[in-house]
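Throughout, a chain's letter reflects where its sequence line sits, starting with A, and its residues are numbered from 1.
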Amino acid sequence: MSEELFSQRTTTCGALTKADDGARVVLNGWVHRNRNHGSVHFINLRDRYGITQVVVDDDAPAELAALADSLRLEYCIAVTGVVRRRPDSMINAEMSTGEIEVKAEKIEILSRCAPLPFQIEETTQAREELRLKYRYLDLRSKGMQDRMRLRHDFILSMRNFLASRDFYEIETPTMIRSTPEGARDFLVPSRHYPGKFYALPQSPQLFKQILMVGGMDKYFQVARCYRDEDARGDRQLEFTQLDLEMSFVTREDILALMEELFVHVFKEVMDYDLPANFRRLTYEDAMNTYGSDKPDLRFDLPLVDFADIALKSSFTTFKQIAEAGGTIKAIVAPASEEVAFSRKYITSLEDAAKVYGAQGLAWMKVENGSLSGGISKFFEDQEEQVLQRTQAGEGDMILFVAHQSWRRCCASLSAVRNKLGRDLMLIKPGFEFAWIIDFPLFEADEESGGWTAAHHMFSMPQQQYLDTLESDPASVKGDLYDLVLNGYEVASGSIRIHDVELQKRIFRICGIDDAEAEERFGFLLEAFRYSPPPHGGIAPGIDRMVMVLAEQSSIHEVIAFPKNTAAISPMDNAPSEVDPKQLEELHLSVIYPPEKEQE
RNA sequence: GAGGGUGUAGCGAAGUUGGUUAUCGCGACGGCCUGUCACGCCGUAGACCGCGGGUUCGAGUCCCGUCAUCCUCGCCA
């Protein structure tokens, strides 16, 4: 019935301008608003491109007027009519199409709409649960439409840039051998081979390295990755990365390429000028100065070391921790008009610190040029030194965390730093990128007492540590790099190992003997026997980056069909039970946990 | 595995030290309206206050349990 209408479709609701005055058009869209003034109707017709006002004039046939009256919100309709300029007094400067309107000659209802579970507005008010259940309605909102467009533009811009640099986009399989990299694998049972499973990739890591062996010296892929771990606001169990790998490169080549890429993309997509080179911090400096390996550099507020001063003070709590080799750091909260440093506020900062293991948050203030309150009385003899070290000024507050663990001390104060940044309105608008480099290659595994790869087992140790890998794993730094944006880790990469023997050494340090390495990663080791090129790569997280660009705090806002934090998709109700026949074919039977027994 | 927040009409919220009829805005439905554009005006319907139990003369409000959801720790490059 509507083929004729579709075939003569000439425009979209956002495209009309005064230049179209007099044109006969067909507009397809959804009824966004319907204002009935008795014998004149105004219908705001909406599609992906915008909104156009359709008018049913008082001279319209009764039939058309009645039809207009019967339209309900979100009906999908086709309007045939003539574009006309609005009289000057009726121009709506707020609308991109506000200079024109379409005088309707014919309206066809293409489909009706059931009662809406929530209203479709620029920013949907409904709680997320509902938005996800009726995602198709939520996607009609301007906010979601804008974010989907931003995501598209962002990915397209990256693709175009990389294509212009001779990269091939190559797909790698999503059903692979299980080679857990740290996270839990999602498994897919094999029908043909009872007891065997495919795994969904946590990243295309091994395949992209093998592509390098295959001579595909510049590869990228917009890759879906899967990790069966608990979700967070910036973490989903499936997510999308721009996976990238290059042969014959050093770290500098990768960093330079990424800087060029994002300078290009931010200009093209956001019209935002990034610096040609991003700031660099070593992991150790980032931790020591900001307490985090993903610091938000839109504000400064550095941490300072305090253990040496604490040792000389009369504050036994600090002295004991310092003497035992623990870490004591301080941060200065600058005097602010936003927040009074009340007991209550200090407690809220302390709560933020305690989440990351701090036992408490000590404090003192600078009043009339000297230290007062909190633990200041223990530092009477060190006053000058404290002021000098912290650079605290009049009205500022100095906050301290002491902890046996350097990491926990850093992490706790980082939480305080981030809260201060927000509360004291210190965060500058814009985008602050930074590279975090020189990560440790190994970290102690508390469970086994051995070592585990801090990043993954395929990263190259830095040259100067090659002789001391086994004797001193703790101090080995890798050719590893993270890209940080506004406090989020948005990319991570490394130069890879391409030498079988070196790779085996790393495996051994991580507790994987040669036999197990052969069993699990034999195909990689085999590939490395055939003249592998030196190579390295990186993988920017697309969801997180678009989230930051869209000024959102949850990646749900930039994913068309996200799962919730309980790993459920409220729209299609995944995961679901399956037909027993399916299980039978897959040679599976389900053992339910005792308290959740099914019928 | 753990901690915290939230749950009141279709949606978003208010609801005081426990008190009689649970408010408000939007939406829906009906009516009026010739220029609106978040149109306006008049009217109507719509709530097992997440669910279960308890305390009480009386519970949306207090207690216990439970479910859902969000945030976070652990976990996750």
Side-chain angles (χ1 to χ4, degrees), chain A residues 32-45 51-60 65 69 72-74 86-87 89-95 97-98 101 103 113-134 137-138 180-185 202-203 205 225-237 239 241 293-294 351-352 354-358 408 411-412 415 436 439 441 443 446-447 452-459 478 480-483 489-494 538-539 541 553-554 556 564-568 570:
Chain A
H32 189 64
R33 292 266 144 62
N34 186 9
R35 294 181 293 279
N36 176 358
H37 287 254
S39 49
V40 180
H41 290 78
F42 300 98
I43 300 155
N44 282 3
L45 194 63
I51 292 175
T52 290
Q53 173 165 282
V54 172
V55 186
V56 178
D57 269 339
D58 57 343
D59 61 1
D69 203 32
R72 296 290 171 260
L73 293 189
E74 295 305 316
R86 297 194 194 185
S89 61
M90 288 151 203
I91 287 173
N92 184 348
E94 308 285 304
M95 278 172 89
T97 59
E101 61 194 10
K103 178 183 162 69
C113 187
L116 290 164
F118 54 83
Q119 287 157 252
I120 290 155
E121 294 163 295
E122 282 223 0
T123 309
T124 310
Q125 302 289 311
R127 77 183 98 96
E128 192 182 40
E129 199 181 344
L130 265 185
R131 291 176 57 202
L132 294 186
K133 181 167 182 192
Y134 300 95
L137 294 177
D138 191 41
E181 288 168 39
R184 211 170 278 122
D185 272 339
Q202 296 182 26
S203 79
Q205 183 61 34
C225 306
Y226 306 86
R227 291 175 195 169
D228 187 8
E229 298 292 346
D230 289 354
R232 281 286 192 291
D234 63 349
R235 245 162 55 193
Q236 282 266 299
L237 39 82
F239 59 98
Q241 288 187 337
D293 60 1
K294 45 178 180 162
D351 290 343
K354 281 180 171 174
V355 169
Y356 291 86
R408 287 194 190 282
S412 303
I436 312 297
F439 279 83
L441 197 62
E443 57 189 30
E446 284 168 25
E447 273 178 45
T452 165
H455 176 79
H456 58 51
M457 292 182 290
F458 314 106
S459 296
L480 288 159
Y481 32 88
D482 276 8
L483 184 61
E489 179 200 312
V490 293
S492 194
S494 64
I538 190 164
S553 56
S554 165
H556 297 183
N564 65 20
T565 49
I568 287 166

Per [X] side chain, nearest of listed nucleotides [options]:
X         : options                   : value
Leu130(A) : rC73(B), rC11(B), rC70(B) : rC11(B)
Met90(A)  : rU34(B), rC75(B), rU36(B) : rU36(B)
Ser554(A) : rU34(B), rG35(B), rC71(B) : rC71(B)
Gln125(A) : rC76(B), rC33(B), rG12(B) : rG12(B)
Asn564(A) : rU72(B), rG27(B), rC70(B) : rC70(B)
Ile568(A) : rC39(B), rU34(B), rU69(B) : rU69(B)
Phe118(A) : rC73(B), rC11(B), rU34(B) : rC11(B)
Asp57(A)  : rG35(B), rC11(B), rC76(B) : rG35(B)
Arg72(A)  : rC37(B), rG12(B), rC29(B) : rC29(B)

Touch class at under 4.0 angstrom, heavy-atom based, for [X] against every strand present:
X         : answer
Gln241(A) : base
Glu121(A) : nothing
Ala539(A) : base
Gln53(A)  : base
Gln119(A) : base
Pro117(A) : sugar-phosphate
Leu480(A) : nothing
Arg86(A)  : base
Glu101(A) : base
Leu116(A) : sugar-phosphate
Arg184(A) : nothing
Asn36(A)  : base
Asn92(A)  : base

Which nucleotide, in any strand shown, forms a Watson-Crick or G-U wobble pair with [N], with both distances under 3.5 Å?
N       : value
rU34(B) : none
rA2(B)  : rU72(B)
rG65(B) : rC51(B)
rU44(B) : rA28(B)

Inter-nucleotide [atom1] distance ([N], [M]), Å rounded:
N       : M       : atom1 : result
rA28(B) : rA47(B) : C1'   : 15 Å
rA2(B)  : rU56(B) : P     : 33 Å
rG60(B) : rC51(B) : C1'   : 14 Å
rG4(B)  : rG74(B) : C1'   : 15 Å
rG7(B)  : rC62(B) : P     : 11 Å

In whole angstroms, how far is the [atom2] atom of [N] from the [atom1] atom of [X]?
X         : N       : atom1 : atom2 : value
Leu237(A) : rC76(B) : CG    : P     : 15 Å
Arg127(A) : rG5(B)  : CZ    : P     : 19 Å
Tyr356(A) : rG3(B)  : OH    : P     : 18 Å
Arg408(A) : rC73(B) : CZ    : C1'   : 9 Å
Asp58(A)  : rU36(B) : CG    : C1'   : 14 Å
Arg232(A) : rU69(B) : CZ    : C1'   : 15 Å

Legend entry - Polar side-chain atom of Arg86(A) near backbone of Ile91(A) as donor-acceptor pair, under 3.5 Å: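 Side chain of Arg86(A) to backbone of Ile91(A): no pair is present.
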
Inset, instruction - Determine the minimum heavy-atom distance between Ser203(A) and Gln241(A), stating which atoms define it. - result: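 That would be CB-OE1, 4.3 Å.
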
Legend entry - Base rG74(B) to side chain Glu229(A), donor-acceptor N/O within 3.5 Å cut-off: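 A donor-acceptor contact between them is absent.
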
Inset, instruction - With sequence neighbours excluded, tell me which residues meet ring pair (Phe, Tyr, Trp, His ring centres under 6.0 Å) with Phe439(A). - result: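 For Phe439(A), the residues satisfying ring pair (Phe, Tyr, Trp, His ring centres under 6.0 Å) (neighbours in sequence not counted) are Tyr283(A).
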
Ignoring backbone atoms, test whether [X] places a side-chain nitrogen or oxygen under 4.0 Å from the OP1 or OP2 oxygen of [N].
X         : N       : value
Arg235(A) : rC75(B) : no
His37(A)  : rC39(B) : no
Arg35(A)  : rU36(B) : no

Legend entry - Cationic N near anionic O, under 4.0 Å, Asp482(A) to Lys294(A):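 No.
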
Legend entry - NZ/NE/NH1/NH2 to OD/OE distance under 4.0 Å, Arg127(A) and Glu129(A):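 Glu129(A) and Arg127(A): salt-bridged.
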
Legend entry - Atom pair NE2 (His32(A)) and CD (Glu121(A)), whose distance is rounded to the nearest 0.5 Å: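 Spacing of NE2 (His32(A)) from CD (Glu121(A)) equals 8.0 Å.
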
Inset, instruction - With RNA chain B as reference, determine whether Ser553(A) or Ser89(A) sits nearer its 5' end, using the nearest nucleotide of each. - result: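 Taking each residue's closest nucleotide, the earlier one in sequence belongs to Ser89(A).
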
Legend entry - More than 12 heavy atoms from other groups under 6.0 Å of CZ on Arg235(A):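 Enclosed: over 12 neighbouring heavy atoms sit under 6.0 Å from CZ of Arg235(A).
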
